[in-house]
Amino acid sequence: MIKKFYITTPIYYVNDKPHLGHAYTTIAADILARYHRFIGDEVFFLTGTDEHGAKVAKSAEKVGKTPKQFCDEISALYTSLWDALNISNNDFIRTTDQRHEIGAKKFIEKLREADAIYEGSYEGLYCTGCEKFLTEKELVDGKCPDHKICPDKISEKNYFFKLDKYAKKVQELIEKDKIKIEPENIRSEVLGLFKQELENFSVSREKVAWGIKVPWDESQVIYVWVDALSNYITALGYGSSNDANFKKYWPTDLHLMGKDIIKFHAIYWPAMLLAAKLAVPKHIFANGYFTVNGQKMSKTIGNVIDPNDLVKKYGSDAARFLIISQFPFGQDGDVKAEKFDEQFNANLANGLGNLVSRVTAMYLKLDLKKCKGKVLENKEVVRLVTNAWKNYEKFMEENKIDQSLKTTFSLVKFANEYISVEKPWELFGKDDEKCALVLCNLIEIIRHIAWMIYPFLPETAENILTQFSMWDEESKLEYAKLKKWKRFDLDLQVKKAQALFPRI
RNA sequence: CGCGGGGUAGAGCAGCUUGGAAGCUCGUCAGGCUCAUAACCUGAAGGUCGGCGGUUCAAAUCCGCCCCCCGCAACCA
């Protein structure tokens, strides 16, 4: 039976242009999506942009644009980055899409019907200059940092969600891993939140114009978390006449996100889904945060890394590789600009690129056609590759994508050592059959490496396989066949190609 | 007493759950090789595993206290 696999990134807030963090989460999702397609799952991979709220309206106004124009422009920055990074999402949802509006309204309506919503009042510090509520933390000496005035304490009518009604159940689901939360430390952090006070949260706003109107009270706009989170179902057609995808793909197999928004995904979202009598997500995974040179990435410090620059400098595949392999997936990590060059050269140029290059050259230089049909199998090498696949899969299933990549590159290392030990150039003319065996083993190892990196570096994988004229035929094969050791003969059409990753 | 993460060779990290000769990548140094993208392979130098104390035949690993970094707490992955 074919398994379905629904994977999402958060929808990104358009108040900011995309940075390394957005790219990180999205590339990770793409790798997992590609992997699952690769092994034969039916995949739906969703990403998108979150476009409502006072902040966006404000930013738009500042540059003299309508909110919609503003959103169109920023949202396009995301889609073009995803193009540049070869992201294979099946859909891209914007919260300003009509389909989303319909679904989101339907969803909040459902919450109300379930008696999960009540009218209350929200009290906060409102700055008339900003036209928004400020938190205590934002204030400087009790004043709005932008307008230097004391905000007014005012209250407005809001609708609230009865989180207290569902929290216990959500907690139970998490404890029993019905909603599996990873990594472990994030899970315990979430469970810790239940011990503290979890307050009912507001699901609407009165003083915000840029948003989706609450269906039963048009003086209110649906507040961010209901609006944003519901994208995961509205993109599948929830609430519309065409909800085939919703029926097929819901619930989510994997919600991927940065750790900052875990609370909303792990607690608020399942609670709302329970209220609406929908299935809850199966798995939530929070990735870590980047610091740059030991400091948090921030616009004010000016250390924000633009993923577009990485693509320009290293190319799409290498940028994917560099971004994803900086530190273990699920943990925080620090990056330095110099490190990108270093790792590019070490792993891609000197490692993989050079391996392909030297094996290709040897194969073309040493004429071993007379050994055709006499090439044996080397059990040790076969076992090594089989084992590598086992580990690779295990890590992938555990979302340890950096480990899968490491496993793959350990084969690169092995192949390079193997060449040094066997010295094909010395064997040639002395023991041609042995020489042929070594070269065939090497090419076969490279074939396996190519398929392993396929979800990570799709273009490179195709390039390598094309170089050995394997792509056309193999790309049609099933996963189970691809990963089997293949003994092939010496009649391959091998082309000398350009360096995969020229050294920097 | 808010919650959580971390402090291991020059740099970045793994190991800690289930105690038992300190490992990986990059860098440095010295050899080797010539098929290759000045690449590749081998070897070496370099660490009192944040501090103090405890448990133990044995602690980076378990326990206690202390010091120092960092993230989160209604909208920056």
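Computed over heavy atoms, backbone and side chain alike; hydrogens, waters and symmetry mates excluded.
Across A:T25, A:T47, A:N287, A:D30, a single residue satisfies side chain to side chain donor-acceptor pair (under 3.5 Å) together with A:T9, and that is A:T47.
For the pair A:F264 CZ and B:A77 P, the interatomic distance rounds to 10 Å; values are reported in whole Å. If you take NE2 of A:H255 and C1' of B:A77, they are 15 Å apart, rounded to a whole angstrom. Between the CZ atom of A:F321 and the C1' atom of B:U25 there is a distance of 11 Å, given to the nearest Å. Separating the CH2 atom of A:W269 from the P atom of B:C75 is a distance of 20 Å, rounded to the nearest angstrom. Note: OH (A:Y268) to C1' (B:A74) measures 6 Å, nearest angstrom.
The side-chain hydrogen bond (donor to acceptor under 3.5 Å, both in side chains) search around A:S204 returns A:Q220, not counting sequence neighbours. In this structure, A:Y268 has no side-chain hydrogen bond (donor to acceptor under 3.5 Å, both in side chains) partners at least two apart in sequence or on a different chain.
Counting only distance, with no hydrogens or angles, the side chain of A:R320 and the backbone of A:F456 share a donor-acceptor pair below 3.5 Å. Between the A:H448 side chain and the A:I445 main chain, no donor and acceptor come within less than 3.5 Å of each other. Put simply, the side chain of A:N391 never gets that close to the backbone of A:A388: no donor and acceptor are under 3.5 Å apart.
Separating the C1' atom of B:A58 from that of B:C40 is a span of 42 Å, rounded to the nearest Å. Nucleotides B:G31 and B:C49 have their P atoms positioned 33 Å apart, rounded to a whole Å.
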Could you write out each protein N or O paired with an N or O of nucleotides 13-15 of chain B at a distance under 3.5 Å?
unit_1, atom_1, unit_2, atom_2, d
B:A14, OP1, A:Q331, OE1, 2.6
B:A14, OP1, A:Q331, NE2, 3.3

Atom pairs under 3.5 Å, N or O on each side, protein against nucleotides 35-40 of chain B: can you list them with distances?
unit_1, atom_1, unit_2, atom_2, d
B:C35, O3', A:K365, NZ, 3.3
B:C35, O2', A:R358, O, 3.3
B:C35, O2, A:R358, NE, 3.0
B:C35, N3, A:R358, NE, 3.4
B:C35, N3, A:R358, NH2, 2.5
B:C35, N4, A:R358, NH2, 3.1
B:A36, OP1, A:K365, NZ, 3.4
B:A36, O3', A:S357, OG, 3.4
B:A36, O2', A:N354, OD1, 2.5
B:A36, O2', A:S357, OG, 3.3
B:A36, N1, A:R358, NH2, 3.3
B:A36, N3, A:N354, ND2, 3.3
B:A36, N3, A:R358, NE, 3.1
B:U37, O2, A:F501, O, 3.2
B:U37, O2, A:R503, N, 3.2
B:U37, N3, A:F501, O, 2.9
B:U37, O4, A:G353, O, 2.9
B:U37, O4, A:N354, N, 3.4
B:U37, O4, A:L500, N, 3.4
B:A39, OP1, A:R503, NE, 3.1
B:A39, OP1, A:R503, NH1, 3.3
B:A39, OP1, A:R503, NH2, 2.6
B:A39, O5', A:R503, NH1, 3.1
B:A39, O2', A:N354, OD1, 3.4
B:A39, O2', A:N354, ND2, 2.6
B:C40, O2', A:R358, NH1, 2.9

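Using a 4.0 Å heavy-atom criterion, one finds that A:Y13 contacts the bases of the nucleic acid, with or without backbone contacts as well.
Taking a pair as Watson-Crick or G-U with both hydrogen-bonding distances under 3.5 Å, the stems of three or more pairs touching RNA chain B are B:2-7 with B:67-72, B:10-13 with B:23-26, B:28-32 with B:40-44, B:50-54 with B:62-66.
Of the candidate nucleotides B:C75, B:U34, B:A77, B:C75 has the atom lying nearest to any side-chain atom of A:Y223.
Comparing A:E426 and A:N347 by the nucleotide of RNA chain B that holds the closest heavy atom to each, the one mapping nearer the 5' end is A:N347.
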*Passes ring-ring contact (aromatic ring centres under 6.0 Å, His included), A:Y232 versus A:H265? Steps please.*
CA-CA 11 Å; A:Y232 299 129; A:H265 283 80; 5.5 Å; yes

*Is there a side chain to side chain contact (heavy atoms under 4.5 Å, CB included) between A:L163 and A:I267 once you walk through the steps?*
CA-CA 9 Å; A:L163 182 60; A:I267 299 178; 4.2 Å; yes

Atom pairs and distances, side-chain donor-acceptor, residues 344-357 of chain A, under 3.5 Å, sequence neighbours left out:
unit_1, atom_1, unit_2, atom_2, d
A:N345, OD1, A:I504, N, 2.8
A:N345, ND2, A:I504, O, 2.8
A:N347, ND2, A:Q343, O, 3.4
A:N350, OD1, A:R503, NH1, 2.8
A:N350, ND2, A:N345, O, 3.3
A:S357, OG, A:K496, NZ, 3.4

